Structures are given as C-alpha cells and as structure tokens.
Amino acid sequence: MIQTRAIASAPAERVLERPRFSWIYGARTDLVIALCWVPIFAFAHALSIRHGAANDHLLNDLFGAAFLLSLLHQPLTLALVYGDKNQFALRRKLFTWSPAVDVPLIAVAVLLLAWRARR
C-alpha cells in the first residue's frame, strides 16, 4: 500500500512528500498471499505437461475451473467497490464506464464462441 503525507512548509503552502510504501498485513503474510498461485500453477502444469487429446481436455477443464473461481469472486469485488461511496468516488469514470464497455465485449465473445462451437 502506498501512502502520501503532506508536509506543511508554510501556513499557506503544502508540499507533498514522495509516496511511502507500507505492507498491508506485514511482509511475510503479503508475500504468502502474493505467491499463493504458484502451487496451483505447478499442480496444473504437472497435470497438463503431456500432449494428446486427454491432456488437452484436462487443460480445458483447468482453465474452466480458473475462470469459474474468478467469476465467483467478482460479485464480492463489485459489492466492495460499488457499495463503498469512497471507493466509487476515487475512480468514478472507470466504475461508470467499465460495465458499459465490458458487458458488450463479453457478449460478443460468448456469441462468437457459441457460433464457433456449432461449426
């Protein structure tokens, strides 16, 4: 997490200091959280290292599971961002325009995938 501190050099003037880095939970905990994907990747890599139709199907299932996990956490993220007025105010344009851009792109991708699967 990066924090900025204001330094009062004169009563009418405020100068911003360089951003200062700080850990969210602490160095060890943040490192474990940041690297928790490595064992999952290693497991998926070990399962899908060989070639062939069965392994292609397994890799497809692994990607599906990763996307499912990603989709499960998105409603929580939306609630945290859109439900918190302070977070929404920080990036109003991004949070306003993202759904308007993302939903049509996702719809086109799904329709193209469905169209491709029928051929």
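Remember, it's a predicted structure, so these values are computed and weren't measured experimentally.
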- Query: Rounded to the nearest 0.5 Å, what separation is found between the CG atom of L59 and the NE2 atom of H45?
  - Reply: 11.0 Å
- Smallest heavy-atom separation, P99 atom then P104 atom, equals O-CD, 4.0 Å
- Message: Tell me whether the count of non-hydrogen atoms from other residues, nucleotides or ligands lying under 6.0 Å of CZ in F88 goes above 12.
- Response: yes
- So CZ of R28 and CG of L31: to nearest 0.5 Å the spacing works out to 10.0 Å
- Query: With sequence neighbours left out, what residues match I33 under side chain to side chain contact (heavy atoms under 4.5 Å, CB included)?
  - Reply: Y25, T29
- In this structure, CG of L111 is separated from CD1 of I106 (nearest 0.5 Å) by 12.0 Å
- Aromatic plane relationship, F41 with W37 - under 30° parallel, 30 to 60° tilted, over 60° perpendicular: perpendicular
- Item | Partners meeting side chain to side chain contact (heavy atoms under 4.5 Å, CB included) with L58 (sequence neighbours left out) | L47, N55, L62
- Query: If you take all heavy atoms of I24 and D30, which pair is closest and at what distance?
  - Reply: N-OD2, 2.7 Å
